[in-house]
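Model, not experiment: these values are computed from the prediction. Count residues from 1 along the sequence.
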Amino acid sequence: DQLLNGGVNLDRHYVHKFCSPTRCAIQSGRAPIHVNVINADPSVHNPTDPVGGFAGIPRNMTGMAEVMKRGGYATHFAGKWDAGMATPDHTPEGRGYDTTLSYFHHANDYYTFETGKCNGSSMTDLWNLFDVRPAGPAIYFKNGPNCTVNNQKPMDGQTCVYEDSLFEDRVTRIISNHTANEKPLFVFWATHIVHGPLQVPDAELAKFDFIDDKARQTYHAMVTWIDGAIGRVVDVLHAKDMYDNTLIVFSADNGGPIAGKFVCCGQTLFVYNTPDMRYRVRKRHHNYFFEFTGNILDFTIFAGGANNYPLKGGKFSNWEGGIRVNAFVSGGFVPEAVRGTVNTQLVAGWDWYATLAALAGEDPTDHRAAAAGLPPIDSHNLWPMLSGQTATSPRKQLEIGSNLGGDEANRTSGATRVGGLIVPPYKIILGWGQSRNSAPYLVDMAGWTGPQNPNTSTAVDWQQLVQQCGRTPATGCLYNVWDDPGEHTNLAASQPALFTRMLEQALRISVYSPTRGSSTDGLACRVAADNHDFWGPFLP
């Protein structure tokens with residue numbers, strides 16, 4: 001709140017509906033439809049496409065940090081990468097970061113740092129480049145084998161450090177070691193919090209023992225923990241007399257997850273509370289239900305716990321609750337005249353690419369991508385607006401991304417599709433979800449939470465709350481999201497001419513849709529097994 005009150009609240013800041021596409025968009029300066037719209041596993045590859053046949057950012061796109069390095073900045077990355085892993089070019093150092101402490105996958109365990117298995121063995125995902133060269137597995141940071149979320153203080157004294165503590169320490173070290181006669185700093189701190197699995201230090205969780213819902217309790221604790229970490233880093237900036245010349249950009253990468261997802265027994269399960277405090281479970285890709293009455297600690301809580309009220313939907317959906325996120329700019333570099341203001345102009349997460357390039361005095365044009373036949377950047381320089389020099393955003397529309405299949409259960413593959421378009425004040429949504437009961441073009445999570453969510457008074461299966469967003473005024477989805485931010489009043493039928501015009505405009509937008517490939521050859525696993533069971537690049 002202190003940073004927000006001393007900065008500019010970006011009330012209309014949009015991103016993709018889930019994590020990897022947003023991160024690829026920010027690092028590359030492109031709308032997700034022009035870089036990546038799926039959460040492909042970083043181990044996939046397509047040997048027939050040496051440019052785009054990988055998860056994450058295509059090989060020949062220039063990264064944000066590369067632009068900042070041209071501008072004379074020292075560049076550092078800490079946290080969740082999720083923008084590619086297949087080759088050294090896909091890693092943070094390959095995209096221009098001088099140092100990194102990061103993980104490649106969509107998520108890993110906060111204490112073991114593990115995610116995924118190869119031939120039955122758990123693989124660790126933590127990558128380091130700092131005072132050693134070349135980059136490689138962060139073996140030094142690996143916790144003891146008895147360290148887990150349920151055993152945070154092993155009796156034998158083994159190391160047991162929370163992953164986001166490692167990232168905070170790295171950022172703190174970079175700032176603390178900086179001297180005035182060095183290059184200026186560009187630090188990209190991508191916290192793991194508040195992504196699943198929902199895990200947090202016991203002391204933080206205990207502060208919220210008055211909350212009955214386990215997911216909500218943990219979510220609150222995680223947000224409070226990272227709020228403290230951000231405050232501590234800001235204190236370091238003040239102590240180093242750097243705050244007055246620092247620009248802080250804060251943004252979420254998607255809306256809050258409201259659909260519970262637990263992992264147990266080798267299966268991914270969607271879970272929601274029932275009024276009698278039991279947990280109703282739906283197996284992925286199946287439509288049947290069964291009741292579970294065991295100890296909830298048998299599960300790893302992987303998602304859920306958020307609340308996007310009064311917005312509709314949440315993470316994995318293109319409703320406002322999925323793509324309109326908390327964001328602000330702050331720091332002493334923000335002009336005093338605009339501090340404490342709310343900006344309601346249209347902003348995209350990928351606009352930071354051109355904005356920071358302009359502040360560094362660099363042309364953001366991506367000539368290397370153009371030579372490879374890849375889409376150009378979609379980024380706009382926001383600084384004249386943010387600094388108060390102009391009143392309006394240079395962004396006049398925002399292309400919403402989606403993929404064929406279109407819903408939470410089908411986010412790891414599927415051709416690129418335009419999922420909608422925002423031309424203020426209107427927003428059209430195009431469904432791409434699988435047909436149910438002969439109804440095509442579905443969008444799930446078509447509902448609203450209450451002021452307190454989740455709770456134990458109502459049973460909600462968000463994957464079953466669907467709305468058709470078709471291609472005719474009778475079946476379409478059109479909203480004035482400036483006057484109706486909760487998307488309650490569908491205007492498609494009452495304003496058919498406007499709907500048709502925006503539909504035609506959306507369908508004319510070109511997309512980038514490479515075949516990312518698969519991991520069936522096991523190459524990433526074989527390389528990881530030879531690399532101390534750590535994930536990392538597996539192709540030259």
Side-chain angles (χ1 to χ4, degrees), residues 1-23 25-26 32 79-80 82 164 188-196 198 215-216 218-231 233-234 247-259 303-331 334 338-352 355 382 385-386 393 395 398 400 422 424 427 445 448-454 481-482 485-487:
D1 288 346
Q2 184 179 26
L3 289 174
L4 179 64
N5 293 334
V8 180
N9 183 354
L10 303 176
D11 189 58
R12 291 285 174 176
H13 188 282
Y14 288 87
V15 294
H16 194 72
K17 58 185 175 179
F18 49 82
C19 46
S20 181
T22 294
R23 294 164 188 274
I26 293 172
K80 176 179 176 178
D82 202 11
D164 264 315
F188 200 110
W189 181 17
T191 67
H192 188 164
I193 287 177
V194 66
H195 195 283
L198 301 190
R216 186 60 175 169
T218 311
Y219 205 91
H220 267 291
M222 294 174 77
V223 171
T224 301
W225 192 97
I226 204 62
D227 183 72
I230 293 170
V233 169
V234 170
L247 175 65
I248 298 171
V249 179
F250 178 94
S251 171
D253 64 347
N254 46 246
I258 55 177
N307 189 4
N308 304 306
Y309 179 84
L311 301 182
K312 188 176 184 177
K315 181 179 180 178
F316 306 124
S317 77
N318 277 327
W319 307 113
E320 291 288 275
I323 62 174
R324 180 183 168 193
V325 299
N326 296 317
F328 61 81
V329 293
S330 191
V334 174
V338 296
R339 295 176 191 173
T341 62
V342 178
N343 188 298
T344 60
Q345 294 289 300
L346 185 62
V347 173
W350 41 100
D351 286 332
W352 297 113
T355 303
L382 302 174
M385 178 190 71
L386 297 176
S393 173
R395 175 167 292 284
L398 185 136
I400 300 170
I422 297 175
K427 172 186 177 183
M445 300 191 195
W448 301 264
T449 65
Q452 293 185 355
N453 179 80
V481 291
W482 261 251
E487 296 170 299

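Residues Tyr219 and Pro257 approach most closely at OH-CD, 3.6 Å, considering heavy atoms. Across all non-hydrogen atoms, the minimal contact from Lys312 to Gly486 is CB-O, 3.5 Å. Counting all heavy atoms, side chain and backbone alike, Trp350 lies closest to Ala25 at CB-O, 3.4 Å. Closest approach of Cys19 to Asp82, counting heavy atoms only: SG-OD2, 3.5 Å. Between Val249 and Trp352, the shortest heavy-atom distance links the atoms CG1-CE2, 3.5 Å. Of all the heavy atoms in His13 and Gly349, the pair that sits closest is CE1-CA, 3.7 Å.
Proximity of Leu386 to Val338: side-chain heavy atoms (C-beta onward) are nowhere separated by under 4.5 Å. A heavy-atom distance below 4.5 Å is not found between the side chains of Tyr14 and Arg395. Side-chain contact between Val8 and Phe328: absent, with no pair of heavy atoms (C-beta onward) separated by less than 4.5 Å. Two residues are said to be in side-chain contact when any heavy atoms from C-beta on lie closer than 4.5 Å; Leu382 and Val347 meet this criterion. Side-chain contact between Gln2 and Ser330 is absent, with no heavy-atom pair separated by less than 4.5 Å. For the pair Val325 and Asp253, the minimum side-chain heavy-atom distance is 4.5 Å or more. Using a 4.5 Å cut-off on side-chain heavy atoms (C-beta onward), Asn254 and Lys17 make no contact. Counting heavy atoms from C-beta outward, Val334 and Leu247 have side chains that approach closer than 4.5 Å.
Put simply, the side chain of Trp448 never gets that close to the backbone of Tyr309: no donor and acceptor are under 3.5 Å apart. A distance-only check finds a donor-acceptor pair linking the side chain of Asn307 to the backbone of Pro451 [under 3.5 Å]. A donor-acceptor distance shorter than 3.5 angstrom exists from the side chain of Asn5 to the backbone of Asp1, with no hydrogens or angles considered. Distance alone, capped at 3.5 Å, is enough to place a donor-acceptor pair between the Thr355 side chain and the Asp351 backbone. Proximity of a side-chain donor or acceptor of Asn326 to a complementary backbone N or O of Ala252 within less than 3.5 Å is not detected. Put simply, the side chain of Asp164 gets close to the backbone of Ile193: a donor and an acceptor are under 3.5 Å apart. Formation of a donor-acceptor pair under 3.5 Å by the Ser393 side chain with backbone atoms of Gln345 is not found in this model. No donor-acceptor distance shorter than 3.5 angstrom exists from the side chain of Asn343 to the backbone of Asn9, with no hydrogens or angles considered.
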(request) Go through the steps for Leu346 and Ile422 under the test side-chain contact (heavy atoms from CB on, under 4.5 Å), then give the verdict. (result) CA-CA 9 Å; Leu346 185 62; Ile422 297 175; 4.3 Å; yes

(request) Using the side-chain contact (heavy atoms from CB on, under 4.5 Å) rule, take Asn308 and Ile258 through it: C-alpha gap first, then chi angles, then the decisive distance, then the call. (result) CA-CA 8 Å; Asn308 304 306; Ile258 55 177; 3.7 Å; yes

(request) Determine, stepwise, if the pair Val481 / Glu487 fulfils side-chain contact (heavy atoms from CB on, under 4.5 Å). (result) CA-CA 6 Å; Val481 291; Glu487 296 170 299; 3.9 Å; yes

(request) Take Met222 and Thr218, measure what side-chain contact (heavy atoms from CB on, under 4.5 Å) needs, and give me the verdict at the end. (result) CA-CA 6 Å; Met222 294 174 77; Thr218 311; 4.0 Å; yes

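For the pair Glu320 and Arg12, the salt-bridge criterion is met [side-chain N within less than 4.0 Å of a carboxylate O].
Here Leu10 contributes atom CG and Phe250 contributes atom CZ; the two are 11.5 Å apart, rounded to the nearest 0.5 Å. In this structure, CZ on Phe316 lies 6.5 Å from CE on Met445, to the nearest 0.5 angstrom. Interatomic distance, Phe188 CZ to Lys80 NZ, rounded to the nearest 0.5 Å: 11.5 Å. Ile323 CD1 to Leu398 CG: the interatomic distance, rounded to the nearest 0.5 Å, is 7.0 Å. With values rounded to the nearest 0.5 angstrom, Arg324 atom CZ is found 15.0 Å from Asn318 atom CG.
Of the N and O atoms on the side chains of Asp11 and Thr344, not one donor lies less than 3.5 Å from an acceptor on the other residue.
Using the six-membered ring where Trp is involved, His16 and Phe18 have ring planes that are perpendicular, over 60° apart on the 30 and 60° scheme.
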